Amino acid sequence: MTAFDALKERLRQCRHLAAQRPDRGSFTTETVIVTAILVGIAVAVGAILLAKVLAKAKSIDLG
């Protein structure tokens, strides 16, 4: 199970709990936290990929 699958499962569990208890206010907070974590992971992966692509592009000999 990947980290994304675990987060997706946790979000599903939170939705299930929220449906059972509509007065539960922390669902929105948990959703925001999970979304922020996913955005952070995406930014980190993007930065790593960008660095690798730029390094490869700079290593091309044009001349």
Side-chain angles (χ1 to χ4, degrees):
M1 179 178 270
T2 65
F4 182 73
D5 291 335
L7 289 172
K8 195 165 64 171
E9 177 61 24
R10 176 67 177 140
L11 185 58
R12 188 191 64 74
Q13 291 172 354
C14 289
R15 285 184 184 174
H16 180 70
L17 286 173
Q20 290 178 346
R21 297 184 300 177
D23 62 334
R24 186 173 180 256
S26 66
F27 174 71
T28 302
T29 304
E30 290 172 357
T31 303
V32 169
I33 290 170
V34 169
T35 303
I37 290 169
L38 290 175
V39 168
I41 292 170
V43 168
V45 168
I48 292 168
L49 289 175
L50 179 65
K52 289 188 179 281
V53 168
L54 287 177
K56 278 290 191 186
K58 288 180 181 179
S59 71
I60 295 174
D61 183 21
L62 298 176

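Bear in mind the structure is a predicted one, so any value in this text is a computation, not a measurement.
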Side chains of residues 50-63: which donor-acceptor pairs under 3.5 Å do they make with residues two or more places apart or in other chains?
from, atom 1, to, atom 2, distance (Å)
Ser59, OG, Lys56, O, 2.8
Asp61, OD1, Gly63, N, 3.2

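Taking NE2 from His16 and CZ from Arg12, the interatomic distance works out to 7.5 Å, rounded to the nearest 0.5 Å. The NZ atom of Lys8 sits 8.0 Å away from the OG1 atom of Thr2 when rounded to the nearest 0.5 Å. Atom OG1 of Thr35 and atom CD of Glu30 lie 11.5 Å apart (nearest 0.5 Å).
In terms of the side chain to side chain contact (heavy atoms under 4.5 Å, CB included) criterion, residue partners of Val45 (sequence neighbours excluded) are, by chain and number, Ile41, Leu49.
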